[in-house]
Amino acid sequence: MKTHDFDEPIERVGTDSYKWDHEGEGGKYIPLGVADTDFRAPREVIDAVMERARFGVYAYGDLPQQRFAKAVCHWYKERYGLAVDPGMVCHSQGLMTGALWMILHAYTRPGDKVLIQPPVYNTFSVVIQGAGRFVENNELALKDGRYEIDFEDLERKAQDPRVRILLVCNPHNPVGRVWTREELTRIAEICRRTNTLLVSDEIHGDIVYGDHRHTPLFSISQEISDNLVVMGSPSKTFNLACFYSAYVIIPNKALRDQYRVVYEDYHFDYNYLGIEALIAAYEQCGYYADQQNAYFQKNIALVRDFLKEKMPEVKMIEPEGTYLLWIDFRAWGLPQTELMELFSSAGVKLNSGTNYGSCGAGFVRMNIATQTAVLQKALACIEKARQAHFRA
């Protein structure tokens, strides 16, 4: 059986890493913010990229649509038991400034509204507003330590004729929910009744835990699929973010044609090396995803036990998916800026909860996709921050 060593130490300082050289300021801090992993990609991916790189001619490419779509379909078949029509698979250069940007231009006009569900990935708002559209919020409700959808508010806001898209995060970044089939069906029915296009960011779909199961939205029913665009990428699962190789799955032909018009009008191209990384990952590296999920669970348990022992007043929202933890520090009673400065002064960088909406005040997002030894050092920094706070 093939195995990957996720404990292998990787020195990323000085490698032009956004996480370690920018966020971590070249090793000054342990960065647990930016959502990439500190692991090498699978050997099969490295070999595929190196083989293509050795060819030595890096001229304009011609997207290998057939091989690309076949690999995406293979992954959904092997991972989820779903038969996907290759004709539904369209290329995009990443998800946010690639797929989401094209989706906004294909299906909305300046001044339209896009409905999102905070606390949610902050780049949603950045791209929506940057495209001249407006953000409408359907805030998630925290009940007994678990986030739920406020369906009454969702239906009311979706009825606004200016709301053209509901953008969902499935699994949800940062709160870690893996939406159930029943929840997704209810969301889709609201969108159908209100003539709102449902767009689903499923980039974290391969990273789920326990009995939870990711449900690709297009798998629920044909009726739902006719009003749906799904965004996906191997970048989170296999640490391939720099390649900006992603895809959208659009079952409805009319919607697919609209998307392709935008793609062609803006003369988008593809990453010559990244497409080979995607194909190798999806066709050969299921073992890596399985082993990585087990490693993530070990790191989550480490954080859970640490908080229970060292700072029981701090509450971790139990993650159902993603490698991002949503942690409630409201018991410390600190303004958000002071909370984040406290962690920085102790040597660790976390993401402020207010990045994801005002409802994130008092929370932080922690990325546990690093070597356990690194995470242990970061937790020691967090304990140092607590000691400094309660001494003050």
Side-chain angles (χ1 to χ4, degrees), residues 18-19 34-37 39-42 44-46 48-49 63-65 67-80 82 84 86 88-104 120-124 126-127 167-174 178 199-208 214-219 228-250 256 259 263 268-286 288-289 292-293 296 321-324 367 369:
Y18 187 88
K19 183 177 183 180
V34 177
D36 63 17
T37 81
F39 312 133
R40 293 193 196 278
E44 295 86 349
V45 169
I46 297 171
V49 171
L63 176 69
Q65 175 66 30
R67 289 196 300 120
F68 159 68
K70 179 183 175 184
V72 172
C73 295
H74 179 272
W75 184 251
Y76 278 92
K77 182 66 175 178
E78 292 296 309
R79 203 80 189 160
Y80 304 106
L82 298 174
V84 177
M88 302 191 314
V89 181
C90 303
H91 175 259
S92 72
Q93 288 190 332
L95 256 62
M96 292 298 100
T97 53
L100 180 56
W101 189 91
M102 286 187 282
I103 286 165
L104 292 173
V120 73
Y121 181 45
N122 56 307
T123 306
F124 283 1
V126 172
V127 175
L167 176 58
V168 298
C169 200
N170 176 40
H172 192 282
N173 167 16
V178 175
V199 177
S200 182
D201 176 359
E202 303 189 359
I203 196 170
H204 295 277
D206 303 325
I207 306 168
V208 296
H214 170 58
T215 303
L217 257 164
F218 61 80
S219 70
L228 173 69
V229 177
V230 168
M231 303 188 292
S233 171
S235 65
K236 300 302 180 188
T237 309
F238 300 103
N239 207 22
L240 307 178
C242 79
F243 287 128
Y244 292 92
S245 292
Y247 54 90
V248 294
I249 296 177
I250 311 177
R256 197 161 61 241
Y259 175 89
Y263 186 96
F268 278 105
D269 211 329
Y270 79 104
N271 187 306
Y272 182 72
L273 301 178
I275 210 74
E276 300 304 326
L278 179 151
I279 291 169
Y282 275 176
E283 290 188 343
Q284 303 177 56
C285 300
Y288 180 102
Q292 183 174 239
N293 282 352
F296 289 154
T322 86
Y323 53 67
L324 305 164
N367 176 0

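The first residue in the sequence is number 1, and the count goes up from there.
- Nearest heavy-atom pair, Val84 versus Cys73, reported as atom, atom and distance to 0.1 Å: O-SG, 3.2 Å.
- Closest heavy-atom contact between Phe238 and Ala41: O-CB, 3.7 Å.
- Legend: residues meeting ring pair (Phe, Tyr, Trp, His ring centres under 6.0 Å) with Phe68, ordered by chain and number and at least two apart, are His91.
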*Between Tyr244 and Asn271, is a side-chain contact (heavy atoms from CB on, under 4.5 Å) present by the stated rule, with each step listed?*
CA-CA 7 Å; Tyr244 292 92; Asn271 187 306; 5.6 Å; no

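- Note on residues 268-279: pairs passing salt bridge (charged side-chain N to carboxylate O under 4.0 Å, His left out), not counting sequence neighbours, are Arg52-Glu276, Arg67-Glu276.
- The distance from the OH atom of Tyr282 to the OH atom of Tyr247 is 3.0 Å, given to the nearest 0.5 Å.
- Taking Phe218 as the reference, Tyr76 meet the ring pair (Phe, Tyr, Trp, His ring centres under 6.0 Å) condition, with sequence neighbours excluded.
- A donor-acceptor contact shorter than 3.5 Å links the side chain of Asn367 to the backbone of Val34.
- In this structure, CG in Asp201 is found 10.0 Å from NE2 in His172, a value given to the nearest 0.5 Å.
- Side-chain contact check for Phe124 versus Met96: some heavy-atom pair is nearer than 4.5 Å.
- Shown here for Pro171 and Val208, the closest heavy-atom pair between the two residues is CG-CG1, 4.2 Å.
- Although no hydrogens or angles enter the test, the distance criterion places no donor-acceptor pair under 3.5 Å between the side chain of His214 and the main chain of Ile207.
- For Glu202, the salt bridge (Lys or Arg N to Asp or Glu O under 4.0 Å) test picks out no residue, with sequence neighbours left out.
- Val120 is not listed as a side-chain neighbour of Val168, based on a closest heavy-atom distance of 4.5 Å or more.
- Side chains of Val248 and Tyr259 form a contact here, defined as non-hydrogen atoms less than 4.5 Å apart.
- Here Arg256 pairs with nothing under the salt bridge (Lys or Arg N to Asp or Glu O under 4.0 Å) rule; sequence neighbours left out.
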_Run the side-chain contact (heavy atoms from CB on, under 4.5 Å) test on Val72 and Leu278 for me, step by step, so that the C-alpha distance in whole Å, both residues' side-chain angles and the decisive distance to 0.1 Å come before the verdict._
CA-CA 8 Å; Val72 172; Leu278 179 151; 4.2 Å; yes

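- Within the 3.5 Å criterion, the main-chain N or O of Thr237 finds no donor-acceptor partner in the side chain of Tyr288.
- A donor-acceptor pair is defined here as one N or O able to donate and one able to accept, closer than 3.5 Å; no such pair exists between the side chain of Ser245 and the backbone of Ser233.
- Contact of the Leu167 side chain with the Leu100 side chain is registered, since non-hydrogen atoms from C-beta on lie closer than 4.5 Å.
- With sequence neighbours excluded, no residue forms a salt bridge (Lys or Arg N to Asp or Glu O under 4.0 Å) with Asp206.
- Across every non-hydrogen atom of Leu95 and Gly232, the tightest pair is CD1-O, 3.3 Å.
- What you find for Tyr80 and Gly205 is that their closest heavy atoms are OH-O, 3.2 Å.
- Taking the six-membered ring for Trp and thresholds of 30 and 60 degrees, Phe268 and Tyr263 have ring planes inclined between 30 and 60 degrees apart.
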*Please lay out, stage by stage, how Met102 and Ser92 fare under the test side-chain contact (heavy atoms from CB on, under 4.5 Å).*
CA-CA 9 Å; Met102 286 187 282; Ser92 72; 3.7 Å; yes

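- Screening Leu217, Val199, Asn170 for a side chain to side chain contact (heavy atoms under 4.5 Å, CB included) with Val230, the sole residue that qualifies is Leu217.
- In this structure, Lys236 contributes its side chain and Thr322 its backbone to no donor-acceptor pair below 3.5 Å.
- If you take CE on Met231 and SG on Cys90, they are separated by 13.5 Å, rounding to the nearest 0.5 Å.
- Side chain to side chain, Thr37 and Asn239 meet the donor-acceptor criterion of an N or O pair below 3.5 Å.
- Atom CD of residue Gln93 and atom CH2 of residue Trp101 lie 11.0 Å apart, to the nearest 0.5 angstrom.
- When every heavy atom of Cys285 is checked against every heavy atom of Ala280, the shortest pair comes out as SG-O, 3.7 Å.
- Tyr323 has its side chain out of reach of Gln292: every pair of non-hydrogen atoms, C-beta onward, lies at least 4.5 Å apart.
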